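All values derive from a computational prediction rather than experimental measurement. All ligand and atom numbering here is 1-based and tracks the order in the structure.
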Amino acid sequence: MHKDRTSMQAVCVDESGKLDVKHIPRPEAKDGQLLIRVAATALNRADLLQKRGVYPPPPGESEILGLEASGVIADIGPGVKGRWILGSEVMALLGGGGYAEYVAVPEELVMPVPSPLTLYQAAALPEAWLTAYQLLHFIAKVKPNETVLIHAGASGIGTAAIQLVRLSRAIPVVTAGSPEKLRFAEQMGAATGINYKEEDFSEKMLQFTEGKGVDIILDCVGGSFWEKNICSLAIDGRWVLYGMLGGKTADGDLLGKLLRKRGHLLCSLLRSRSLQYKAELVRSFTEQVLPHFQSADPPLQPVIDSMFNMEDVEMAHRRMEANQNIGKIILKIGVKLE
Ligand SMILES: NC(=O)c1ccc[n+]([C@@H]2O[C@H](COP(=O)([O-])OP(=O)(O)OC[C@H]3O[C@@H](n4cnc5c(N)ncnc54)[C@H](OP(=O)(O)O)[C@@H]3O)[C@@H](O)[C@H]2O)c1
């Protein structure tokens, strides 16, 4: 922490996309905002794109990377309505600014840290869990006993989605790119998994559902999976596209195949949503899911792949770029790792 109350350390991106820790002005809690002294943030794929200049923050958001943070309340801005207490432990969904010692955030996007979780575990929660919750409940409207195919089953969002599907009494099935990732997804609760690099996942999905197909697909892959996705889908199924790790283009009879299945293609982005929408998502998640980090049997758990000091941010990014992580990569901001 700095004695100078107007500056802070933050990870900054230079013109070539290189990341460096620098001193920059500290934000202030404006109307309706809380100032959080950040303990940790977590990496997201959006950070990898943003540093390359291809995914700029929405207008009005911080230019600093970081879509989530955990820490303690350091200041309460004018016009804040909730009963927040200085020093209490919180986590928040951010439009940007998490890779820094302080971040100011609308109070509606701040959540208390469930008591069994450390601040490092809490940093793994907001973006992955709110995205998975939104996809399942706001977009796909999952119902008990439905089968949900989750691609990248060992990813940050995948490991959250498996647990949320189980919590909804539906059946999670996954794809992943290695036996280790598949084993982990199954430990998290996946009913079955398939290595998409070695086998045709649509055949396995049809076998698993006795020819019916899966009711919902959570798809962060897009282009390279489109045809197998439609083959895997049940009649009237919902295919939720929320990423394009496998490319943006789809050649072939996509519309014809989708129509024959009466499939619903639903697309979702969280970062560009309105404050009102995100506030409703955070409120619903806080009521419906946060208590289950304490009381469910087994309790929900954020999955941490690895933790890095702020100075080692480049190393942390390389791990995600190489698809090595299972769960979330944490960046410690407030305290040095031993
Ligand atoms: N729409 C939204 O609101 C929203 C919000 C947050 C994140 N996202 C997107 O969601 C995706 C997942 O995010 P995350 O943080 O959970 O990611 P993550 O933890 O970094 O995991 C992503 C995994 O996807 C798999 N993958 C990468 N390229 C692939 C390809 N070409 N084909 C198939 N699988 C591939 C890799 O695992 P394997 O080893 O198993 O291949 C990789 O480890 C990202 O694309 C991110 O941008 C969208």
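Using a non-hydrogen distance threshold of 4.0 Å, Ser268 registers as a contact of ligand 1.
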Margin query: Before you tell me yes or no, could you show the steps for Ile150 and Val148 under side-chain contact (heavy atoms from CB on, under 4.5 Å), namely the whole-Å CA-CA distance, both residues' side-chain angles and the distance that decides it to 0.1 Å?
Written below: CA-CA 6 Å; Ile150 301 163; Val148 184; 4.1 Å; yes
Item checked: Chi angles and distances behind the side-chain contact (heavy atoms from CB on, under 4.5 Å) call for Val221, Tyr196 -> CA-CA 11 Å; Val221 178; Tyr196 70 90; over 6 Å; no
Margin query: Using salt bridge (Lys or Arg N to Asp or Glu O under 4.0 Å), reason through Asp236 and Lys261 one step at a time and then give a plain yes or no.
Written below: CA-CA 6 Å; Asp236 295 318; Lys261 284 276 174 94; over 6 Å; no
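Judged by the 6.0 Å and 45° rule, Arg37 forms no cation-pi pair with Tyr102. For the pair Lys332 and Tyr120, the cation-pi criterion (under 6.0 Å, within 45° of the ring axis) is fulfilled.
For atom 34 (N) of ligand 1, the nearest protein heavy atom (residue, atom name, distance) is Tyr196 OH, 3.2 Å. The protein heavy-atom contact nearest to atom 23 (C) of ligand 1 is Ala152 CB, 3.9 Å. The single protein non-hydrogen atom nearest to atom 32 (N) of ligand 1 is Val221 CG1, 3.6 Å, given as residue, atom name and distance. The protein heavy atom nearest to atom 15 (O) of ligand 1 is Asn44 OD1, 4.2 Å. Counting only heavy atoms of the protein, atom 27 (C) of ligand 1 lies nearest to Asn323 OD1, 3.6 Å. Here the protein heavy atom with the shortest distance to atom 48 (C) of ligand 1 is Tyr242 O, 3.0 Å. Nearest non-hydrogen protein atom to atom 11 (C) of ligand 1 is Cys220 CB, 3.6 Å. For atom 40 (O) of ligand 1, the closest non-hydrogen atom of the protein is Gly177 N, 2.7 Å.
Nearest residue to atom 14 (P) of ligand 1 from Ile139, Asp219, Ile157 is Ile157 (criterion: closest heavy atom). Of the options Glu321, Arg319, Glu68, Lys181, the smallest heavy-atom separation from atom 43 (O) of ligand 1 is shown by Lys181. Of the candidates Ser178, Ser272, Gly222, Ser155, the one placing a heavy atom closest to atom 18 (P) of ligand 1 is Ser155. Selection from Thr175, Leu245, Leu270 by nearest heavy atom to atom 3 (O) of ligand 1 gives Leu270. Of the candidates Arg271, Arg45, Arg273, it is Arg45 that places a heavy atom closest to atom 20 (O) of ligand 1.
Taking any N or O of Ala176, backbone or side chain, none lies under 3.5 Å from an N or O belonging to ligand 1. In terms of polar-atom proximity, defined here as any N/O pair under 3.5 Å, Gln324 makes no such contact with ligand 1. Looking at Lys197 next to ligand 1, no N or O pair under 3.5 Å apart turns up.
In this model, a donor atom of one side chain and an acceptor atom of the other lie less than 3.5 Å apart for Gln294 and Ser115. Between the side chains of Gln9 and Tyr99, no donor-acceptor pair of N or O atoms lies under 3.5 Å. Donor-acceptor pairing under 3.5 Å is recorded for the side chains of Asn44 and Lys328.
For the pair Leu125 and Glu68, the minimum side-chain heavy-atom distance is 4.5 Å or more.
Listed by number with element, the atoms of ligand 1 under 4.0 angstrom from any heavy atom of Gly156 are 16 (O), 19 (O). Applying the 4.0 Å criterion to heavy atoms of Asn325 picks out, from ligand 1, the atoms 18 (P), 19 (O), 20 (O). Within the listing of ligand 1, atoms 31 (N) sit less than 4.0 angstrom from a heavy atom of Gly246.
Contact annotation: for Thr131 versus ligand 1, heavy atoms closer than 4.0 Å belong to the side chain alone. When heavy-atom distances to ligand 1 are checked against a 4.0 Å cut-off, Met244 has no atom that comes that close, whether in backbone or side chain. At a heavy-atom cutoff of 4.0 Å, ligand 1 is contacted by no atom of Lys328, backbone or side chain. Only the side chain of Glu127 comes within 4.0 Å of ligand 1, counting heavy atoms alone; its backbone N, CA, C and O stay farther away.
Ion pairing between a basic and an acidic side chain is recognised when a charged N comes within 4.0 Å of a carboxylate O; Glu280 and Arg283 show such pairing.
With rounding to the nearest 0.5 angstrom, the NZ atom of Lys18 is 12.5 Å from the NE2 atom of His317. Distance NZ/Lys204 to CG/Asp200: 11.5 Å, rounded to 0.5 Å.
A donor-acceptor contact shorter than 3.5 Å links the side chain of Arg238 to the backbone of Lys141.
Considering Trp226, Tyr242, Phe225 as possible partners of His151, the one that fulfils the ring pair (Phe, Tyr, Trp, His ring centres under 6.0 Å) test is Phe225.
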